[in-house]
Number of protein chains: 2
Amino acid sequence: MADEPTTGSPRTLKTVSRAFDVVRALEELDGARVTELANHLDLSKSVVYNYLSTLRAEKFVVKEGDTYQLSLQFLLVGEYVRYQNILYRIGKPEIEELAEKTGEYAHLATEQHGLGVNLYKVSGEKAVGSDYQVNKLQRADYLHFSATGKAILAHLPKERVEWIIDQYGLPGKTEATITTREELFEELETIRDRGYSLNDEEEIKGLQAIGAPVTNRHGRVLGSISVSGPVRRMKQPEYHEQLIESVVNTANVIEVNVNMEESDDDFPTFS
Amino acid sequence: MADEPTTGSPRTLKTVSRAFDVVRALEELDGARVTELANHLDLSKSVVYNYLSTLRAEKFVVKEGDTYQLSLQFLLVGEYVRYQNILYRIGKPEIEELAEKTGEYAHLATEQHGLGVNLYKVSGEKAVGSDYQVNKLQRADYLHFSATGKAILAHLPKERVEWIIDQYGLPGKTEATITTREELFEELETIRDRGYSLNDEEEIKGLQAIGAPVTNRHGRVLGSISVSGPVRRMKQPEYHEQLIESVVNTANVIEVNVNMEESDDDFPTFS
DNA sequence: CTGGGCGTTTGTCAAATACAAACACCTATG
DNA sequence: CATAGGTGTTTGTATTTGACAAACGCCCAG
């Protein structure tokens with residue numbers, strides 16, 4: 001209705017965007033019926049019905065009785081994407097070993113669209129937490145308040161970090177969260193200097209994490225790893241040093257293996 | 001299999017379908033550039049460019065240099081969908097225990113759109129196979145030649161089984177695969193009678209699997225589990241009986257727990 | 001310096017979608 | 001048992017919106 005000037009650059013297809021609005025709504029509502037979705041999205045029933053029918057024909061949505069749900073197709077495609085990721089393929093067993101050795105939670109993360117995504121999580125023996133925490137990869141989250149995130153930020157080009165901050169800001173999570181540019185850039189330099197990152201109750205009160213980046217041979221950061229646990233335990237001096245050693249060492253092992261494999265990866269895709 | 005005349009009941013949105021064509025092409029090609037995709041999909045460059053831009057704006061695609069890839073967004077949504085599935089939430093730890101106890105591969109599967117989807121896999125100590133096999137959930141596959149699939153089919157309404165056969169046929173995979181309706185329906189009755197299913201080299205030569213269904217209190221089948229291993233080992237009489245016992249027992253435990261949690265309404269399922 | 005490859009942008013017309021209203025179906029309830 | 005109000009689904013139609021080809025700018029190799 002309002003005359004949007006035909007926005008110059010990339011012409012975005014509204015029909016496709018709306019399809020993903022439907023997907024997001026189905027996620028938010030944990031499945032929904034036609035009318036419910038129509039209200040939620042401010043579209044007419046018939047339009048929503050057509051989107052759902054199409055998504056269903058594409059097998060990304062299932063209908064159970066009268067309610068529509070996202071289908072496991074997302075999981076299948078998602079697992080494919082994860083398996084394509086070299087950091088995941090190489091890092092997974094190493095992270096498992098790290099969790100076993102330290103007994104703490106271990107994480108493998110990467111960056112996408114300026115946010116952090118966990119590729120894999122394992123909990124060691126000492127790690128106690130809700131089943132939910134361990135089993136669910138939560139949504140993409142800010143990079144500036146996690147150990148994995150800060151390790152990544154520290155090795156991203158400065159202009160990219162600036163872009164990310166412009167895009168998402170630096171929202172606080174606890175009293176310890178870094179929320180200003182200057183502080184953050186200082187922190188990132190410290191991280192680069194000492195080779196590991198620390199999340200000192202900046203995300204969750206009582207939780208500390210130690211992270212280290214994984215970069216490829218060209219200096220590009222592929223992602224990062226971390227271990228985390230209760231501050232009380234994590235802060236004991238000798239234990240702390242030991243953990244840093246383990247994390248940095250594991251990151252190093254992954255790095256070497258990734259770079260050995262990636263030499264073949266520079267070829268253009270065949271046919 | 002022929003195209004439907006456009007005038008039909010559910011009006012399907014071509015723009016949305018094409019967006020998913022792009023997604024599938026990106027999966028097939030392991031990422032691609034604009035021109036490559038345009039050729040692959042028989043669309044003009046500019047059109048493909050617009051689809052990619054839109055998918056990127058929606059964060060389901062990332063651009064690395066000049067090549068476009070599916071993003072981890074699929075994994076995040078997929079993990080959400082999996083976690084929504086009660087069979088996964090309840091079954092996962094039980095399947096892990098089953099794999100540990102038996103030492104074999106253990107699977108947790110469900111049905112969607114008439115095909116089988118693995119929700120979870122674990123490999124026990126004795127199970128040796130390629131890393132790939134274990135780590136990757138492959139695409140949705142036929143139900144009629146796996147132990148999990150047959151256990152599911154055996155407890156689906158007959159008309160639904162008919163629909164599935166009409167839709168996908170009964171393609172052979174090995175010499176042992178069941179490829180006729182009559183044989184299959186007989187087999188399904190046997191499975192119902194004895195309470196477990198057997199895949200005797202019907203999918204992969206040399207591999208046997210034992211499966212059992214998980215149904216809810218209304219008799220609707222939610223999915224199934226299985227263990228699998230080399231025929232030589234699996235066929236040893238006492239071991240065989242022991243495995244059946246373990247599988248049926250685990251399925252039962254999951255069933256009880258699911259039904260305790262599922263106090264609410266349930267709808268009959270359609271595709 | 002030049003040609004051909006690429007990704008991106010633009011103008012235009014036809015096609016594909018949004019909308020509302022009608023339809024069919026349920027299941028509560030007076 | 002009929003009716004009212006709630007679904008999901010279908011249809012006709014106006015027009016928004018996406019498809020196309022051609023042009024643009026860029027980069028690299030010959």
Side-chain angles (χ1 to χ4, degrees), chain A residues 1-23 25-26 29 31-58 60-69 266-271, chain B residues 3-23 25-26 29 31-58 60-69 264-271:
Chain A
M1 37 185 217
D3 46 343
E4 285 262 343
T6 51
T7 39
S9 300
R11 284 192 201 170
T12 172
L13 307 183
K14 322 208 167 170
T15 310
V16 176
S17 296
R18 252 170 297 208
F20 284 99
D21 288 342
V22 171
V23 168
L26 283 177
L29 301 171
R33 307 175 54 149
V34 177
T35 311
E36 194 181 354
L37 271 177
N39 294 338
H40 190 85
L41 295 168
D42 258 311
L43 291 168
S44 69
K45 273 196 302 176
S46 54
V47 170
V48 170
Y49 178 76
N50 286 338
Y51 278 95
L52 289 170
S53 298
T54 309
L55 288 168
R56 193 149 85 98
E58 299 295 332
F60 281 85
V61 158
V62 286
K63 185 180 175 186
E64 291 191 358
D66 270 343
T67 82
Y68 292 82
Q69 308 264 358
D266 293 335
F267 289 104
T269 36
F270 47 86
S271 65
Chain B
D3 326 5
E4 296 191 34
T6 54
T7 51
S9 305
R11 283 190 202 172
T12 172
L13 306 183
K14 322 209 166 170
T15 310
V16 176
S17 297
R18 251 169 298 204
F20 283 99
D21 289 342
V22 171
V23 168
L26 284 176
L29 302 170
R33 307 175 53 150
V34 178
T35 310
E36 192 183 356
L37 271 177
N39 293 338
H40 190 85
L41 296 168
D42 259 311
L43 290 169
S44 69
K45 273 196 301 176
S46 54
V47 170
V48 170
Y49 178 75
N50 286 338
Y51 278 95
L52 289 170
S53 298
T54 310
L55 287 168
R56 194 148 83 100
E58 299 296 332
F60 281 85
V61 158
V62 287
K63 186 181 176 186
E64 292 191 357
D66 269 343
T67 81
Y68 291 81
Q69 309 263 358
D264 309 323
D265 43 25
D266 236 307
F267 294 89
T269 179
F270 288 65
S271 67

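Reminder, nothing fancy here: chain letters follow the sequence lines and each chain counts from 1.
An end-to-end axis angle of 20° holds for the helix from dC1(C)-dG30(D) to dG30(C)-dC1(D), taken from five base pairs per end and rounded to 10°.
When distances are taken from the side chain of Y49(A) to each of dG7(C), dA20(C), dG8(D), the shortest belongs to dG8(D).
Remark: Y68(A) is in phosphate contact with dT9(D), judged by side-chain N or O atoms under 4.0 Å from OP1 or OP2.
Side-chain contact check for L26(A) versus L37(A): some heavy-atom pair is nearer than 4.5 Å.
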Working for side chain to side chain contact (heavy atoms under 4.5 Å, CB included), residues T54(B) and T15(A): CA-CA 10 Å; T54(B) 310; T15(A) 310; over 6 Å; no
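In this structure, the side chain to side chain donor-acceptor pair (under 3.5 Å) partners of S17(B), at least two apart in sequence or on a different chain, are E58(A). Applying the side chain to side chain donor-acceptor pair (under 3.5 Å) rule to S46(B) yields the partners S44(B); only residues at least two apart in sequence or on another chain are considered. Annotation: ring pair (Phe, Tyr, Trp, His ring centres under 6.0 Å) contacts of Y51(A) (sequence neighbours excluded): none. For T67(B), the side chain to side chain donor-acceptor pair (under 3.5 Å) criterion is met by no residue, not counting sequence neighbours. Among residues two or more places apart in sequence or in another chain, the ring pair (Phe, Tyr, Trp, His ring centres under 6.0 Å) test is passed with Y68(A) by none. Shown here are the salt bridge (charged side-chain N to carboxylate O under 4.0 Å, His left out) partners of R18(A), two or more places apart in sequence or in another chain: there are none. Residues satisfying the side chain to side chain donor-acceptor pair (under 3.5 Å) criterion with N50(B), sequence neighbours excluded, are absent altogether. Remark: A57(A) pairs with no residue by the side chain to side chain contact (heavy atoms under 4.5 Å, CB included) rule, at least two apart or across chains.
With hydrogens and angles ignored, no donor-acceptor pair under 3.5 angstrom links the side chain of S46(A) to the base of dA18(C).
Looking at every heavy atom in both residues, K45(A) comes nearest to V34(A) through O-CG1, 3.7 Å. Nearest heavy atom pair, residue H40(A) against residue A25(A), reads CD2-CB, 3.8 Å. Counting all heavy atoms, side chain and backbone alike, L55(B) lies closest to A19(B) at CD1-O, 4.1 Å.
Atoms CG (N50(B)) and C1' (dC20(D)) sit 11 Å apart, rounded to a whole Å. Atom CZ in R33(A) sits roughly 12 Å away from atom C1' in dT27(C) (whole-Å rounding). Distance R56(B) CZ to dT8(C) P: 8 Å, rounded to the nearest Å.
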Atom pairs under 3.5 Å, N or O on each side, protein against nucleotides 12-17 of chain C: can you list them with distances?
residue, atom, partner, partner atom, Å
dT17(C), OP1, K14(B), N, 2.8
dT17(C), OP1, T15(B), N, 2.7
dT17(C), OP1, T15(B), OG1, 2.8
dT17(C), OP2, K14(B), N, 3.3

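Non-hydrogen atoms lying under 4.0 Å from DNA chain C are contributed by L43(A), S44(A), all within residues 36-44 of chain A.
Using a 4.0 Å heavy-atom criterion, one finds that T35(A) contacts the sugar-phosphate atoms exclusively.
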Each nucleotide of nucleotides 24-30 of chain D classed B (base within 4.0 Å of a protein heavy atom), S (only sugar-phosphate) or -, in 5' to 3' order, makes -------
